[in-house]
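Along the sequence shown, residues carry numbers from 1.
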Amino acid sequence: QAATEPPERPKDIDQIHFISLHGAASDSTLVESQGKYMLVDAGNPDASVGGNYAVEDNRYNGDAVVSYLRSIGVTHLDYLVMTHNHSDHIGGVPLLCKNGFVDSNTTVYYRTNKRTDEDTQTDYQNVEYLTAALDSLESVNANIISLLDTNTTELSFDMGNFHIDFRNLDEDHDGKVDFCTEDENRNSIVLKITKGDFPRSWPLTSIWLVKKNFWKTVTCQTSTFLN
């Protein structure tokens, strides 16, 4: 029996989804507002992506992200943010492209493809995984923006009812996008997401909040969450 297609998703939803990767050391978060979708990171690579950190079990890699998006009726991503170049954050990007979630109408943000000490002193293969992600994005004509290469020290935009602010770009205020050669985690893009005139905002960092506190899928009405 053919799988039942999910119903068309309503356009009036404001939610943040912490996508379950079943305890894997990996992250992916979907930000949804008024029919617009932004994915922050894409989970682990699968065997087809390969490399030292490929994860064969599809419950723990980017295939789980693809399955979740399909299950709730998301068919296209307007934005993709690759917070930093570790495989457990960007390894699943080629799977998004292969499954049609990214195209020429998708804007992708990442810091840069420069190597850090981790690329020469560990087996992390950060740049190799980023290259695989960028190659797949280029193959579907995504709009790819390197924040360091364009020296974009300040970036914000509205997506539906949410206002998105990019942080941790020029923390030393020297007019240049920061780049740490010692620790790739320190290169992480941080997002501050606000809705309306709420006095408190929620800083979304897929390194700390998601990794430490959320190992199950959570969907929340944003006004409640921000309060």
Close side-chain approach of [X] and [Y], heavy atoms under 4.5 Å:
X: V65; Y: L95; answer: no
X: M38; Y: L30; answer: no
X: V108; Y: M82; answer: yes
X: I164; Y: L191; answer: yes
X: Q34; Y: F162; answer: no
X: H17; Y: E32; answer: yes
X: E128; Y: D119; answer: yes
X: T106; Y: N143; answer: no

Over all atoms of both residues, closest heavy-atom pair of [X] and [Y]:
X: S28; Y: A42; value: OG-CA, 3.9 Å
X: P94; Y: S136; value: CA-OG, 3.5 Å
X: V102; Y: L77; value: CG2-CD1, 4.4 Å
X: P45; Y: S87; value: CD-O, 3.4 Å
X: V127; Y: K114; value: CG2-O, 3.9 Å
X: S188; Y: N168; value: O-ND2, 2.7 Å

Look up atom [atom1] in [X] and atom [atom2] in [Y], then write down how far apart they are to the nearest 0.5 Å.
X: D165; Y: E154; atom1: CG; atom2: CD; value: 9.5 Å
X: T120; Y: R115; atom1: OG1; atom2: CZ; value: 8.5 Å
X: D57; Y: D63; atom1: CG; atom2: CG; value: 10.0 Å
X: I19; Y: Y68; atom1: CD1; atom2: OH; value: 6.5 Å
X: Q121; Y: E182; atom1: CD; atom2: CD; value: 9.5 Å
X: L147; Y: T112; atom1: CG; atom2: OG1; value: 9.5 Å

Expected output: side-chain [X] to main-chain [Y] donor-acceptor under 3.5 Å:
X: D41; Y: T83; value: yes
X: N99; Y: V66; value: no
X: R9; Y: I72; value: yes
X: D158; Y: N161; value: no
X: D149; Y: S146; value: no
X: D178; Y: H173; value: no
X: R111; Y: N187; value: yes
X: T29; Y: F18; value: no
X: N44; Y: Y60; value: yes

Handout entry: S104/V140 under side chain to side chain contact (heavy atoms under 4.5 Å, CB included): CA gap, chis, key distance, verdict
Key = CA-CA 6 Å; S104 60; V140 295; over 6 Å; no
Exercise for the section: Show the numbers, then the answer: is there a side chain to side chain contact (heavy atoms under 4.5 Å, CB included) between H89 and S26? Expected result: CA-CA 6 Å; H89 292 258; S26 183; over 6 Å; no
Residue pair [X] / [Y], side-chain donor-acceptor N/O under 3.5 Å:
X: E118; Y: N126; answer: yes
X: D103; Y: H76; answer: yes
X: Y124; Y: N85; answer: no
X: D14; Y: S33; answer: yes

Practice task
Would you please test L96 and L80 for side chain to side chain contact (heavy atoms under 4.5 Å, CB included) and show each step?
Solution key: CA-CA 10 Å; L96 297 172; L80 172 64; 4.2 Å; yes
Practice task
Begin from the C-alpha positions of Y53 and D123 and carry the test side chain to side chain contact (heavy atoms under 4.5 Å, CB included) through to its verdict.
Solution key: CA-CA 9 Å; Y53 287 87; D123 65 351; 2.7 Å; yes
Practice task
Could you tell me how the ring of H84 sits relative to the ring of H86: parallel (under 30°), tilted (30 to 60°) or perpendicular (over 60°)?
Solution key: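 Perpendicular.
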Answer with yes or no whether the hydrophobic clustering places [X] together with [Y]; edges join I, L, V, M, F, W, Y residues whose side-chain heavy atoms lie under 4.5 Å apart.
X: L148; Y: L137; result: no
X: V177; Y: F166; result: no
X: V190; Y: F179; result: no

Practice task
Quick one: do D170 and K176 satisfy salt bridge (Lys or Arg N to Asp or Glu O under 4.0 Å)? Show the steps, please.
Solution key: CA-CA 6 Å; D170 180 21; K176 298 179 182 179; over 6 Å; no
Practice task
Decide, yes or no, whether a salt bridge links E171 with R186 under the criterion of side-chain N to carboxylate O below 4.0 Å.
Solution key: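 Salt bridge: no.
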Handout entry: Single hit among Y37, F101, Y110, F157 for ring pair (Phe, Tyr, Trp, His ring centres under 6.0 Å) with Y79
Key =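 Passing option: F157.
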